[in-house]
Amino acid sequence: MLLSDSATAQTALQPQQPSGLDPSLKDVAQVGWWIAAIVFGFVALIRTLREVRENRQLRSEELRWKKASLARDTLVALKTNAKVIDALTMLDWTGREYEVGKGLRDTVTWGEIERALRPHDSTSDFADKEVYVRDCFDNLLDGIEEIEHLQIGLIEFEDVRYPLAYYIKKLNEHQSAVSRYIEFYDYKRAAALIARF
């Protein structure tokens, strides 16, 4: 028993081996981890900011494409309306023949367009040809009104400049009749779009 007590005492007197790392080495390792975490955090932040910028740019490009697509669709709808096509042709050519009534074809001259677009009063009676001309121009001006309405940010002016520029020029060539018609029938948005050209 004595022997075992002395062995235990000797073991207790011997210096204990430190467990783990040296404290100064531990501090260096901890600082290294902190530096690595900060570096990785900055890298992650920079990467996230770049991705946010790229996503914003993609959304901006997608929005621009949608605006251009809406403008194109609006112009296509305008140019596939038979009465709009006839109004545009009337502006472009004088003396062309149109179906002005059911089974009734007749030529329309620029002078007749100006007469047909006179403001309506209680004494005005319109012939079939004049009614047809007015219907065509109402369709055209309604389409121009819609385009101007979409200028609230849904489309860009540059996307409708062509092909409208040519026809707005033609409307301006017949300004006396057209502007009077636009003013009398309160086509304010059409007047605003025409004024842009």
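The first residue of the sequence shown is numbered 1, and numbering continues consecutively from there. Note that the structure is predicted; figures quoted are calculated from it, not measured.
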Is there side-chain contact between [X] and [Y], with at least one heavy-atom pair below 4.5 Å?
{"X": "L154", "Y": "K67", "answer": "no"}
{"X": "E97", "Y": "D106", "answer": "no"}
{"X": "P119", "Y": "E183", "answer": "no"}
{"X": "D138", "Y": "Y181", "answer": "yes"}
{"X": "F197", "Y": "K169", "answer": "no"}
{"X": "R72", "Y": "D159", "answer": "no"}

Provide the closest heavy-atom pair for [X] versus [Y] in the form atom of the first, atom of the second, distance.
{"X": "L75", "Y": "V160", "value": "CD1-CA, 4.1 Å"}
{"X": "R118", "Y": "R180", "value": "CA-NH2, 4.4 Å"}
{"X": "L140", "Y": "L88", "value": "CD1-CD2, 3.8 Å"}
{"X": "I155", "Y": "A71", "value": "CG2-N, 3.6 Å"}
{"X": "L171", "Y": "V178", "value": "CD2-CG1, 3.6 Å"}
{"X": "A191", "Y": "I182", "value": "CB-CG2, 3.8 Å"}

Going hydrophobic residue to hydrophobic residue with side-chain gaps under 4.5 angstrom, can you get from [X] over to [Y]?
{"X": "F157", "Y": "I152", "answer": "yes"}
{"X": "L63", "Y": "L70", "answer": "no"}
{"X": "Y166", "Y": "I147", "answer": "yes"}
{"X": "F184", "Y": "V131", "answer": "no"}
{"X": "L150", "Y": "L164", "answer": "yes"}

[X] [atom1] to [Y] [atom2] distance, which is reported to the nearest 0.5 Å:
{"X": "E51", "Y": "E54", "atom1": "CD", "atom2": "CD", "answer": "7.0 Å"}
{"X": "I168", "Y": "R196", "atom1": "CD1", "atom2": "CZ", "answer": "11.0 Å"}
{"X": "N55", "Y": "T48", "atom1": "CG", "atom2": "OG1", "answer": "10.5 Å"}
{"X": "L193", "Y": "I144", "atom1": "CG", "atom2": "CD1", "answer": "6.5 Å"}

If you apply the rule side chain to side chain contact (heavy atoms under 4.5 Å, CB included), what do you find for S69 with D73, and how did you get there?
CA-CA 6 Å; S69 180; D73 292 346; 3.9 Å; yes
Regarding [X] and [Y], is there a side-chain donor-to-acceptor distance under 3.5 Å anywhere?
{"X": "Y185", "Y": "R134", "result": "yes"}
{"X": "E112", "Y": "T109", "result": "yes"}
{"X": "Y167", "Y": "N172", "result": "no"}

A quick test of your reading: do over 12 heavy atoms of other residues, nucleotides or ligands sit less than 6.0 Å from CZ of R105?
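For R105, atom CZ is crowded (more than 12 foreign heavy atoms under 6.0 Å).
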Greater than 12 external heavy atoms within 6.0 Å of E99's CD:
yes
Indicate yes or no: does [X] engage [Y] in a salt bridge with an N to O separation below 4.0 Å.
{"X": "D142", "Y": "K83", "result": "no"}
{"X": "K188", "Y": "E145", "result": "no"}
{"X": "E158", "Y": "R161", "result": "yes"}
{"X": "R189", "Y": "E146", "result": "no"}

Return each pair, listed once, that meets ring pair (Phe, Tyr, Trp, His ring centres under 6.0 Å) where at least one residue sits in residues 60-119; pairs must be two or more places apart or across chains.
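Qualifying pairs, neighbours excluded: W110-H174.
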What pairs meet the ring pair (Phe, Tyr, Trp, His ring centres under 6.0 Å) rule with one or both residues in residues 126-155, with sequence neighbours excluded?
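Pairs touching residues 126-155 that pass the test: H120-F126.
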Decide side chain to side chain contact (heavy atoms under 4.5 Å, CB included) for K26 and D22; before the verdict, give the C-alpha distance in whole Å, the side-chain angles of both, and the deciding distance to 0.1 Å.
CA-CA 6 Å; K26 229 180 194 180; D22 180 10; over 6 Å; no
Working note: R64 + E61, criterion salt bridge (charged side-chain N to carboxylate O under 4.0 Å, His left out); need CA distance, chi angles, decisive distance, verdict.
CA-CA 5 Å; R64 182 66 186 101; E61 289 171 4; over 6 Å; no
Begin with the C-alpha distance, continue with both residues' side-chain angles, and end with the deciding distance and a verdict on side chain to side chain contact (heavy atoms under 4.5 Å, CB included) for I113 and L117.
CA-CA 6 Å; I113 292 171; L117 295 182; 3.8 Å; yes
Ignoring hydrogens and angles, tell me if any N or O in the side chain of T80 forms a donor-acceptor pair with the backbone of V76 under 3.5 Å.
yes
Test side chain to side chain contact (heavy atoms under 4.5 Å, CB included) applied to E130 and R115, step by step:
CA-CA 8 Å; E130 292 173 328; R115 173 141 174 78; 3.3 Å; yes
